[in-house]
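Values below: all heavy atoms of this structure, side chains included; hydrogens, waters and symmetry mates excluded.
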Number of protein chains: 2
Amino acid sequence: MAGWRAYIEASQRLFTQLEDDLRADSGLSFADYHVLVLLSEAPGQRLRMGELADRLVFSPSRLTYQISSMRRRGLVARESCPADRRGNEAVLTAAGLLALREAAPGHLASVRRHLMDDLDDVEVATLTRVFARLGRRLRADRDASSTHSD
Amino acid sequence: MAGWRAYIEASQRLFTQLEDDLRADSGLSFADYHVLVLLSEAPGQRLRMGELADRLVFSPSRLTYQISSMRRRGLVARESCPADRRGNEAVLTAAGLLALREAAPGHLASVRRHLMDDLDDVEVATLTRVFARLGRRLRADRDASSTHSD
DNA sequence: TAGCACTACTTAAAATTTCAACAACTATCG
DNA sequence: CGATAGTTGTTGAAATTTTAAGTAGTGCTA
């Protein structure tokens with residue numbers, strides 16, 4: 001249980017530190033950055049709102065707010081989905097891609113400096129394995145509990 | 001870098017899940033719970049606002065808000081610090097201690113179920129070591145940067 | 001022992017996030 | 001078809017969190 005508390009505290013400090021660094025040298029928030037990364041990797045550089053919310057672990061309304069803000073700043077655009085007219089897609093703009101490219105090197109350096117440099121190879125491998133497995137399980141749990149009898 | 005993203009996503013899901021469980025079976029938020037734990041372990045079951053904010057990784061004003069809310073609900077009290085009259089202490093109340101005792105078993109079970117059950121002993125040891133070290137380093141970095149030339 | 005810089009915390013206003021409806025569309029069933 | 005239920009996502013209000021600006025008290029120093 002001591003480990004559990006160390007995990008919470010260190011994670012909190014880490015996220016705070018990374019967000020501060022990122023904001024200072026690119027003007028992007030952590031959330032902005034992650035949206036840009038996910039869109040840049042998606043086919044057509046576009047994703048449905050629901051899909052994006054799920055990957056970011058954001059509530060739908062939080063994502064709506066996040067995307068409107070990024071849209072005002074020209075980082076993304078919105079298009080309604082041709083196949084399913086209830087749906088909306090967030091689309092990466094040229095300005096968004098540029099912002100990501102400018103922010104990435106500094107952010108990666110910051111991740112390396114605050115986190116990776118502290119870890120040896122075995123630790124990195126363990127963390128990667130553990131959190132990948134945990135993520136899968138938590139996703140599965142959630143799917144099960146929403147599909148079930150609620 | 002894949003590990004890094006798995007870590008963020010899984011942590012987010014984990015915290016969300018634990019908060020939901022905790023809220024559902026005790027009415028406490030994650031923040032409430034942590035305040036109660038820290039106070040219950042402190043000598044005299046009381047802590048200075050600054051000390052508490054630091055351990056929770058909360059901004060000062062966020063802690064002021066958090067404590068006022070807990071005070072309205074009778075979970076903590078406030079006393080001004082005799083030694084330093086700028087200071088204030090948050091003090092655990094009997095009701096606060098009771099709330100913690102009622103919430104703890106369920107919360108621990110939830111941590112076990114969502115996190116610990118997924119890990120073997122070596123992994124737990126690694127995570128504990130890694131995050132303890134990381135927390136120390138991030139604390140040290142922050143102290144260094146605030147003491148320095150600003 | 002008055003002045004000045006700093007510390008500890010609070011407050012008010014702005015930004016963000018959640019929560020509880022809602023609107024629009026799709027899919028299924030009779 | 002036409003009603004009904006379920007999806008997708010948005011909106012408005014309330015709750016929370018941040019940011020910037022206080023307020024009060026401490027402590028050094030001259």
Pairwise 5' ranking along DNA chain C for A:Asp84 and A:Ser69, keeping only the more 5' one: A:Ser69

Closest-nucleotide 5' rank along DNA chain C - winner of A:Arg85 and B:Glu51: B:Glu51

Establish, with yes or no, whether the OP1 or OP2 oxygen of [N] is under 4.0 angstrom from a side-chain nitrogen or oxygen of [X].
| X | N | result |
| --- | --- | --- |
| B:Ser61 | D:dT18 | no |
| B:Ser59 | D:dT17 | no |
| B:Tyr65 | D:dT17 | no |
| A:Arg62 | C:dT17 | yes |

Between B:His107 and B:Asp25, a side-chain donor and acceptor under 3.5 Å: no

Check: B:Arg73/B:Ser69 side-chain N/O donor and acceptor closer than 3.5 Å: yes

For atom CD of A:Glu19 and atom C1' of D:dT19, their distance in whole Å: 14 Å

B:Leu63 CG to D:dT16 C1', straight-line distance once rounded to whole Å: 14 Å

Criterion side chain to side chain contact (heavy atoms under 4.5 Å, CB included) on B:Asp20 and B:Phe15, from CA distance to verdict: CA-CA 9 Å; B:Asp20 289 350; B:Phe15 294 146; over 6 Å; no

Residue whose closest nucleotide on DNA chain D lies nearer the 5' end, A:Arg23 versus A:Pro60: A:Pro60

Carboxylate-amine/guanidinium contact A:Arg46 A:Glu41, below 4.0 Å: no

Donor-acceptor pair (no angle test) under 3.5 Å: B:Arg86 side chain, C:dT7 base: yes

